[in-house]
Structures are given as structure tokens and as C-alpha cells.
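The next block holds one structure in the form of C-alpha cells; read it before the comments.
Chain A is the first sequence line, chain B the second, and so forth, proteins listed ahead of strands; every chain is numbered from 1.
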Amino acid sequence: MSTKVIAPSIAAVARPPLTRAARENLLCVAAVVASIAVGVAVQLFLPPARVLVLGVTVGWMALVLLLSLIPRLGLRDSLGSFRFAGILLAVIAVAVVVGTVVPQGKAPEVYAERYGETAPALVALGITTIFHSAWFGTLLGVLAAGLVLSAVRRFPPTVRTFGFFLCHAGLLLILGGSAASFALAERGRVDLRVGAPPATTATLTESGVRTGEQADLGFAVRLDGFRVDRYASEYRLAVYELLPEGGAKRLAVLDDDLGVKHRLPDRASYRVKAHAVVTGAEHHISENGGPPREVQVGGELQLADGAVVRVVAFYPSFYFDLDTRTAGSAGDAPNNPALEVQVVAPGAEPRRQFLVMRAASGHGGRAGLTYAYRGGAPEGDPALVVEVTDERGTREAKLVASQQDAVLFGDRKVITFERTPEEARSYRSTISVIDAGGEERPLSVAVNAPASVNGWMLYQVNYDPRDPSYSGLEAVRDPGVPYVFAGFALVVLGVPYMVNVAPWLRRRQTKAQMKGDRS
Amino acid sequence: VTAYLLREYPLFTVTLVAYAAAFVLYASSWLSKRPGVARAATWLMIAAMALNAALIVFRWVEAGRPPFKSLYESLVFLAFCTSAVYLVMEKVYGSRVFGGLAALGSLGALVYAVAKWDAEIVKLPPALQSGWFIPHVVVYFIAYGALFFATAVALVQLVKPTLTLNAGSMLRGSHALDDISYDAIRVGFTLLTIGLLIGSVWAKSAWGDYWVWDPKESWSLVTWLVYAVYLHLRHVRGWRGSRASAIAIAGFAVVLFTYLGMNALPTAAESEHVYQ
């Protein structure tokens, strides 16, 4: 009997009433924990549809705001407090970090391989799709509620709190706009080909993966042309380090001014003695892996067994049409050099044969012949004559750009003269948009320069290096964007005002007050 | 190879040496009572910053495009922003106490740039050909400069009780230090906000979406959130002083990871937004 009486009084003595700060702390942490718990419960037991996630987010925000109307709970002041903002933003930051450490939106096998037995739990909890998960949604929901409550606490705006209202209204607009994007945005691929009939639909994608569903664009789009502009390639002298594991690492691009001695790594040096251009083609044929021997078009080459190879023609960009059984060259650039030869063996009919560079000869012709082509781009092939000096002495070499000629020096370093790859400068599609009335409008779409058509934005996203008639566009219709961007504008105005102007106003006010007190 | 590069690029080397000398002078001014030492340190820092600016300008001319494409180029620009922001702060607060750390920061960026030396000047790919490129990068790097300064102040504030330096009046009373760090973070946070939103608008025009949870994007949001936490908690009792310093330092660790650590993430391989 007596214990029953004593126990409560001890508790009363040992636990003084909570201070305001402690109570606020408790409420803040409880609100964050509750948000996550509700989100996780939804994530675990309900299908992960976008509409549902959005519904839970908005519903949770509304519930928190409703509960904050009950003064006894003290939610309004706690969730509108700096403390709550600090705790909640830190928790959201941790969630975002997890979303970069765990690969997002991959196939279940990827997670099974990476995380083993914990993989199913990670998938079920939405950790593999954090940014679309219900609990990330409830965190954003309670964030929105906190933004509203912090504004309610400070209402109405004053000169000093103006930035606060701008910024927090902007953040709410951004959250609302992203909710609209999350629920309503459509994005899909439009694959176009020059000469193909105009496209009227986009194949919808979800996180970059085609769902197979089609969205009606409401207009037709035809590809009139697609162009890849490239930076002109350049010739340069470069120094590489040969890596022990194979391959080479470029160390520097060197000056190629004539006659001047320059330093190289490993206490070596070089001097460019001549700029040269190798013109005309050189053709080399080797037999059964033997040494290459130079031949001229129209000339002959004696083989080991007495047979003679007559060089009939040179094709810089060789092709063979199987239907007409004729050979030809697709252009003057040496993209696929080949020789047409006649092999005349003693006591046999002469046989026509094609020797293609880097391909084994044969196909009914004479086996064992290899053809090598050196230099001879139509405009000539730039080369440098370079003198390299290191502790092993001085040597001179002719470096032909197309041949990857190099001089080894120092400690596994080489100097080489090379042609830089042609890098893309721009990808641009010229399209015609045809509206329902049949009216055509020419437009241009490039990377960083989308086109806007009837609420859709068209982006240049894909091309096929092997098929210049193809262009891949992405069509995006996102009704959330204007709200999000309006929010950005408010935040960009509000943040500087709030964190820089408002404190200055406060200091000025305090100073004026102190002056007033003194007088 | 490092020795070769330093010999071949004298302007870079002189800039590096100027920052190193500025560091030595600023550090000696902590111990020396002679005001000439500190004044010389400032002049050296100004000279180093001017040389650094020349490096950027020459690179801009040579590349024919803004020199913010590669990690090397961005490190050179970071060194400049760090010293420039510091010199402004030195003027504003009339104190050279943090000069040593600022010079060390710029020096560190340049030393790392040597390790990440560009063997060639790469062309600007289509994705970076945008009017948003320069403002996005410049705003961010000035922010990084300001946040570096805030972190240097926060560091001094944290270790101050264990230090006895002749560092002028600035080190008396921790409130002043706390306020200086706070000032720099307010500036840095404003610029982070602007840089983040510029990036988002750019992403909309380049990728078709204003936010794609790309790892670099996510981490820049984390950076913003950490400093937002700092700014909110300053209004909560008990969160100024050393606790605030700790958040400021953690914030800069996140900045560094966002800037340099992306390749450590499994999600970075698919990103077009990461320095290689």
C-alpha cells in the first residue's frame, strides 16, 4: 500500500517538468520519426505508385497542419521553429546521401549481387528508389508543413522578415511545382529518320527506360536533316609515358617550333629539325609474314616461288559490290586502302585478287600476302623530323602523323607526332513541325537549345555515328516547371535579403535603439 | 615529370612559390611583433593572386573558351577565388590572422593541380556550350572561396584554446570569430543557392529536366542543406561557438567531397557531371 503512494512522488521529484527547449526538441524529433514511420509503413504495405506517393506526401502535410491547429499539442511553434528546420534538413541531407551511395532504380539482380541477403529489404524499404519513396515523400510533406508553420508564426511580413517570406514562399512553390512534375510530367523518346514519315507520338520513358507506352504529341514532327559539326582535328607533338600495365598516359603537348631545343622529362631534350608532308601513297606487300617490300601501282613484285604480282589499281576506300561483282572506292580518303592485283603463276591463268589492308588475303586467291599502306592522305600526310637527346645519346627520326611513329627516350617515355581525334562541336537536327491543320513550321533542335512546340519541349539527346540519317529527340511536357522556376526566382531574391540584408537592418535597428537609450 | 612541368611552365611555378612565400610570411606574422612582416604578407598575397589571374587569362586565350572545363582548370580558378575572397575579408575585418590558412588553401589547390595536370587543352563539348556555364561555375567557386574562409575561421575558433599566438585583437573573445565565420557562410550560402538554381535551370535546357538526382546534383543539395542547417541552428540556443564551427567544418568537408570525391560513388559512373 505504502509503495503505491511513494512511487509517484519520487517520480515527480526525479523528473522536473520539461523545459520549453526540451519539449520542442522532443516534438521535433517525434515529428521526424513519425514522418519516416508513416512513410515506411506505406512503402512496405502499399504498391509504390506515383499517385500514391504523392497522395501520402500531401495527406501527411495536411494532417500535420491540421494537428498544428490544436494549441495543446504545441506543434505550430515546434514545427515552425529553427530547431525543427535544423533537424529535418539534416535528416533529408542524410537521405539524399544514401541515395547517392546506393545505386538507384536498378534491376533487382544488381542489388542481389551487391548487397546479398539485405537486398530484398533495401528494395522493400524504398532505399533503392529513395527519391520516389513514400518516406522521402512524408519527409518533404512535413517540410512543407514546417515552411507553412514558420511563416504563420511570423505573419504578417515586415521589412526585416520580407526576405524570409520570399524565400520560404519560393521553397513552397518549388515543392508544389515538383509535386506537379512528379505526378504529371511526361517524357518520351522520338526517334526520327530523314525520309521517314513524320512522328506523331513519343515512346514514354520512366527514369530513362522505355515503358513502351506512347504519348500523342498533338502534332507531327519530321526530320529534314541532322548534322554533327566537329572541331577541326589538329596535328601535335606529344610526350607519353608507357604504363607498366600496358597503354600510355599523355604527359604534355609540346612546342613544334623549328630548330629550337626544348626540354623533355627525364633530363632529355628534343629539337624539331623539319616540318614535312609525306605525299603520295606508299604500298608495301609482304609474303608469309616476311619483310614488307614497296610496290608501285602498275609495277610488279616477284614472289618466292617465281609467281609475279602485278599491281593493277589502288582503292583508298575500298568496297566490293557483290551484285555487280565490281570493285570501287567510296572516296579519296584512305579509310579502307586496298590494291587490286593480278597474280601470274608460271603455267597458270592470271588471277584477279584484292589485297585489303589489315585483312588476310585469300578468298580463292593466293594466300599469305599482306598489304600495308603508308601515308598518302590526298592532301598529304604531315610529318616532323625530330632529334631526341637523352643519356643514351642523340637520334633523329621522321614521325609521320598517320603512322603513330614514336621515339622512345628516358624512362619509358615516348615522343610522337599525332593527329587529334575530331571532337563533336554540336549536334543539330533541323525538323519540320506539322500541326493538325497541315501547316509546317521549320525548327532547329540542338544540345542546350531545345525547341518548344505546343507545350512540349524537344531536346536533342541521341544520334547514331553509323547512321547519319538518324536523330533521337526527347519530348518533355512538364506542367510543374513554371511553378518551380517561379519558386527559384523568389528564393534567389529571398535568400540574399534574408541572410545578408535582414541582419544588417537588425544591426542598424539595434544601434539606433542604443543611441535612443543613451539620449 | 613534376619537376619537368614546373620548369616548363614558369608562370605557374612562380604563382605557386608566391603563395608558399605568402603562407610563410602570414605564419611568421603570428609570431612576430613587427607589423612589416604582416604587411609584406598581404602584398605577396596580392601578387600571387594577380599571377593566378594571369594564369587564368592566358589559359582562356590559349583554349579559346572559358578555362573551367577540366579539374586542373577548376583548381587554378579555385586557388584564385580562395585568395581573392580572403583579401576582401582581410580588408573588411582589418585582420591578417587567417592569411596563413588562405595562402595554404590556394597553395594546396595549385599543388593538387600539378597532380591533375592537363596533358592537353580539351575542346568544349556540346553539353557545356551554354550561356549558363560561366555564371554557374564562377558563382560556385566564389562560394567555395567564401566557405573555405569560413572554415578557416571556424578551425581557428576550434583550436584557439590550445593556441597561444600573437595574432592581434581578432583572436580575443570567441564571439568575433563566430561572427566572422557566420558572415562568410552567409555570403557563401547565398552564392551556393544562386549557383544551385542556375545549375537547375541549365539542366532543364540541357537535359530536359530541372532535377535528375545526378550524384553531383544530389551532393550540391547536401552541401546547401548542411549550410541551411547551420544558418537555422544559429537561432537555437547553444548552437553558436564551437558547435557552429563543427557544422561549418563538416559543411566544407561536404563541399570538398562534392567537388573532388564524386568518383568514389557507385552512382557517379553514369553521370556527365563529374570531373574525370
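Within the 4.5 Å cutoff, no side-chain heavy atoms of B:Phe189 are placed close to those of A:Met498. In this structure, A:Val461 and B:Trp207 have side chains that are not in contact, with every pair of non-hydrogen atoms separated by 4.5 Å or more. B:Gln129 is not listed as a side-chain neighbour of A:Val447, based on a closest heavy-atom distance of 4.5 Å or more. In this structure, B:Trp211 and A:Ser178 have side chains that are not in contact, with every pair of non-hydrogen atoms separated by 4.5 Å or more. A heavy-atom distance below 4.5 Å is not found between the side chains of A:Arg425 and B:Pro126.
At most 12 non-hydrogen atoms from other residues, nucleotides or ligands lie less than 6.0 angstrom from OH of A:Tyr483. Around the CD atom of A:Glu422, the shell of radius 6.0 Å holds more than 12 heavy atoms that belong to other residues, nucleotides or ligands. Counting heavy-atom neighbours within 6.0 Å of A:Arg230 CZ, excluding the residue itself, gives a total above 12.
Ring pair A:Phe82/B:His235 is parallel by interplanar angle, where below 30° counts as parallel and above 60° as perpendicular.
Side-chain contact annotation: A:Ser181 with B:Tyr210, donor-acceptor N/O pair under 3.5 Å present. Using modelled atom types and a 3.5 Å distance limit, the side chains of B:Trp219 and A:Thr100 yield a donor-acceptor pair. When only modelled atom types and interatomic distance are considered, A:Asn448 and B:Trp132 share no side-chain donor-acceptor pair under 3.5 Å.
With values rounded to the nearest 0.5 angstrom, B:Glu8 atom CD is found 12.0 Å from A:Leu251 atom CG. Atom CZ in A:Phe488 sits 11.0 Å away from atom OG1 in B:Thr193 (nearest 0.5 Å). One finds the NE2 atom of B:His232 at 7.0 Å from the OG atom of A:Ser150 (value rounded to the nearest 0.5 Å). Of the inter-residue distances, the one linking B:Lys204 atom NZ with A:Tyr459 atom OH reads 3.5 Å to the nearest 0.5 angstrom.
Proximity to chain A (any heavy atom under 4.5 Å) is shown, for B:Val212, by neither the backbone nor the side chain. Contacts of A:Ile130 with chain B are absent, with no heavy-atom separation under 4.5 Å from either backbone or side chain. The part of B:Leu231 that comes within reach of chain A is its side chain, from C-beta onward, which places non-hydrogen atoms under 4.5 angstrom from that chain. Contact of B:Ile185 with chain A is not made at all, since no heavy-atom distance falls under 4.5 Å. Residue A:Lys249: no heavy atom, backbone or side chain, is found under 4.5 Å from chain B. Contact annotation for A:Ala90: both backbone and side-chain heavy atoms come within less than 4.5 Å of a heavy atom of chain B. Looking at A:Phe485, the atoms closer than 4.5 Å to chain B (heavy atoms on both sides) all sit in the side chain, from C-beta outward. Contacts of A:Ser81 with chain B are absent, with no heavy-atom separation under 4.5 Å from either backbone or side chain. Heavy-atom distances place no part of A:Leu493 under 4.5 Å from chain B, backbone and side chain included. For A:Val97, the parts lying under 4.5 angstrom from a heavy atom of chain B are both the backbone and the side chain. Only the side chain of A:Val476 comes within less than 4.5 Å of a heavy atom of chain B; its backbone N, CA, C and O stay farther away. The contact between A:Val102 and chain B is made entirely by backbone atoms, counting heavy-atom distances below 4.5 Å. In this structure, chain B has a heavy atom under 4.5 Å from the side chain of A:Arg114, while its backbone stays farther away.
Annotation: maximal heavy-atom pairing with chain A below 4.5 Å, among B:Leu221, B:Leu5, B:Ile198, B:Leu124, occurs at B:Leu124. Taking B:Pro125, B:Ala3, B:Gly208, B:Pro215 one by one and counting their heavy-atom pairs under 4.5 Å with chain A, the maximum is reached by B:Gly208. Of the listed residues (A:Asn500, A:Val492, A:Asp478), the greatest number of heavy-atom pairs within a distance under 4.5 Å of chain B belongs to A:Asn500. Here A:Glu423 is the residue among A:Glu241, A:His262, A:Glu423 with the most heavy-atom pairs under 4.5 Å with chain B. Between chain A and the options B:Val187, B:Asp183, B:Asp209, B:Ile247, heavy-atom pairs under 4.5 Å are most frequent for B:Asp209. Contacts with chain B were tallied for A:Arg187, A:Arg83, A:Lys106, A:Gln460; A:Arg187 has the most, counting heavy-atom pairs under 4.5 Å. When each of B:Ser130, B:Gly238, B:Pro266, B:Ser218 is scored by its heavy-atom pairs under 4.5 Å with chain A, the top score falls to B:Pro266. Taking chain B as the reference chain and counting heavy-atom pairs below 4.5 Å, the highest number among A:Val101, A:Val239, A:Ile92 is found for A:Val101.
Classification of A:Glu24 and B:Arg237 as a salt-bridged pair fails, no side-chain N sitting under 4.0 Å from a carboxylate O.
In this structure a side-chain-to-backbone donor-acceptor pair under 3.5 Å is missing from B:Arg7 to A:Arg263. A donor-acceptor pair is defined here as one N or O able to donate and one able to accept, closer than 3.5 Å; no such pair exists between the side chain of A:Arg250 and the backbone of B:Ala119. A:Gln104 contributes no side-chain N or O that, together with a main-chain N or O of B:Trp213, makes up a donor-acceptor pair within less than 3.5 Å. Side-chain N or O atoms of B:Tyr4 include none that pairs as donor or acceptor with a backbone N or O of A:Arg267 at under 3.5 Å.
For residues 222-230 of chain B, a heavy-atom distance under 4.5 Å to chain A picks out B:Val222, B:Trp224, B:Leu225, B:Ala228, B:Val229, given by residue number.
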Could you please spell out the steps behind the side-chain contact (heavy atoms from CB on, under 4.5 Å) verdict for A:Val495 and B:Ile194? CA-CA 9 Å; A:Val495 164; B:Ile194 295 170; over 6 Å; no
